[in-house]
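Throughout, a chain's letter reflects where its sequence line sits, starting with A, and its residues are numbered from 1.
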Amino acid sequence: MEPGDFVSPMLAVTAPGPFSRPGWWFETKWDGYRAIISVGQRYAIYSRRGHDLMSWYPELRRAQEDLPDDIVLDAELVAWSAGRPHFSDLQRRSARQYLLMVFDCLYSQGRWLMHEPLARRLEELHRRVSTRGLVAVSEGVPDNGAAFFSAVRDMELEGVMAKRLDSLYLPGRRSPAWQKFLALKMEWFWVTGLMEASDGQWYWLLGEHTEGTRQAVGKVRAPGGWSPPAGIDGNIRWVRPFLVEVAYRERTREGHLRHARVRQWKSGDLGGENPPPGADHIP
Amino acid sequence: MRSLYKGIIGFGLVSIPIQVFKAMETERVTTHWIHEACHTRIQYQKYCPACERALEGGEVVTGAPLPDGRFVVLPPPEKRPAGDHTITILNFPELQDIDPVFYETAYWLKPGPGGQKAYALLAQVMRDMGRVALAEMRLRSRPSLAVVRAFNDHTLMMHRMYYPESLRQEGSGFGPVDLAATDKELEMAKTLVQHMAEPFDPSRYPNEHRLEKLRQIEALMPTAEAPRTAQPGQEVLDLMEKLRASVQAQAQHGTGTD
């Protein structure tokens, strides 16, 4: 294996709940596409399944200036706007800014590091890579996973990755040495209607099928840049339903979603693009 | 004004829920060190000169030096459960018994839900009797002595105190002892003091230095420039810094394990 080749990324199991534990490292789980960055004989950024992310996001070519030579990094590609990642901008390839949140170093200066403990790989990562341009080094905290999780939840980020500091990098394997705590729930719903608020902001009315009937679960702000098809105006319009994935914090007693926001949606009558086929998000 | 913490004044069998607020605004005008070239706030790194690299939070521990140059490593401070902020009243001296040298920081106390009556009662009784409450308090994990007193007819104030043993005693002997002045000299000095005797009027003493600095900032406002830091990298750093600060605050307030 040479730098420049694809390394299948290591995967995490879902933890039953957040925990604090000595000897573990806790970092933000960024909401984007997994990216394996290889700088060797050639420069490549691979998706989780080894597709070429740069063909979908040509902007990433510029990231080479911000990366050192002779290195392989594990990262998450995010679309960044207004101080936080926005998955829907990534999905529509409409982001003004992309960022590679790098969190692991698999190879550096002639040596593979996958058989070395995470603590050592992080050291190498911080030694060789710094935050600039399209590259940001994802930081974390040791031991105190519960507090980190509650901070991540307060900022409405996706979740926390918990990793044993003595764990090796197991390409393509889903290992209990990596665990994730999810702060947001993700679920697919039907958009059944559109509503325009008095300030001109559009909302999508959401429903779900339970026991054969369709239940309303509330509304979600339509993604930035989305506009309703021609001919639609007024307060509430019912539309041919289409599917939307919503990230939310929790449900109210009535089953409505709190802190809901659109993550991605399937093309329907209202436009919107399919996700790039090569870019498979980690579930 | 943000409350520092919620706590309880323990007074015999009565406990009064209160909120604690810092009483004094900092006198300094906020300024930061920035890099002149790009107006970015500089960062400090924990650097180990022996290992020649910057350290991460988890690699740094507290060490107490011994006279021979060795260090003992102290365990991290014990986490205290949230809400363990008790102000326990020890006794009620008179205010003039306590020398002002012991006062450190002043806090406003605001009655919490259900504490209004007992709070008002404590304030009124101390005022009527000309007494203050000497108490033991905890702020974060640090215990201190404190004085709780009625600031006016209805509001309590708390002063965190230095421990009496912190006072450097040798200073109290700096003044000469056997230097008798003549009656005439004493008379003259007294006349002078009487001549200048005035009640204290807080409004007569604005902080001129601070006002001058604020005027200076206002005059320079047209030249203000945003940091020329590559966005959004700075935003990511800010976000991660906020996460770290929140973890740290939770660890300090002992709420990290929910």
Might you confirm whether atom [atom1] of [X] has over 12 heavy atoms from other residues, nucleotides or ligands at distances under 6.0 Å?
X	atom1	value
B:His209	NE2	no
B:Arg210	CZ	yes
B:Phe151	CZ	no
B:Arg215	CZ	yes

*Please examine the side chains of B:Gln234 and A:Thr131, heavy atoms only from C-beta on, and report whether any two atoms are closer than 4.5 Å.*
no
*Report yes if the side chains of A:Leu157 and B:Leu239 come closer than 4.5 Å at any heavy-atom pair, otherwise no.*
yes
_With a 4.5 angstrom heavy-atom cut-off, is it the side chain or the backbone of A:Val141 that approaches chain B, or both, or neither?_
side chain
*Side chain, backbone, both or neither: which part of A:Leu134 has a heavy atom under 4.5 Å from chain B?*
neither
*With a 4.5 Å heavy-atom cut-off (strictly below), which parts of residues 113-129 of chain A touch chain B? List them by number.*
A:Glu123, A:His126
*asked:* So, taking the atom named CD in A:Glu139 and the one named CG in B:Leu243, what distance separates them when rounded to the nearest 0.5 Å?
replied: 10.0 Å
*State the CE-OG distance between B:Met240 and A:Ser138, to the nearest 0.5 angstrom.*
5.5 Å
_Run the salt bridge (Lys or Arg N to Asp or Glu O under 4.0 Å) test against A:Asp154 and tell me which residues pass, sequence neighbours left out._
none
*Qualifying residues under salt bridge (Lys or Arg N to Asp or Glu O under 4.0 Å), relative to A:Arg261, sequence neighbours excluded*: none
*Can you see which heavy atom on B:Val236 is nearest to which on A:Met101, and at what distance?*
CG1-CE, 3.4 Å
Taking only distance into account, with no hydrogens and no angle test, what donor-acceptor pairs under 3.5 Å do side-chain atoms of residues 77-87 of chain A form with protein atoms, sequence neighbours excluded?
from: A:Trp80; atom 1: NE1; to: B:Glu235; atom 2: OE1; distance (Å): 2.6
from: A:Arg84; atom 1: NH1; to: A:Met155; atom 2: O; distance (Å): 3.2
from: A:Arg84; atom 1: NH2; to: A:Glu156; atom 2: O; distance (Å): 2.6
from: A:His86; atom 1: NE2; to: A:Ser81; atom 2: O; distance (Å): 3.4

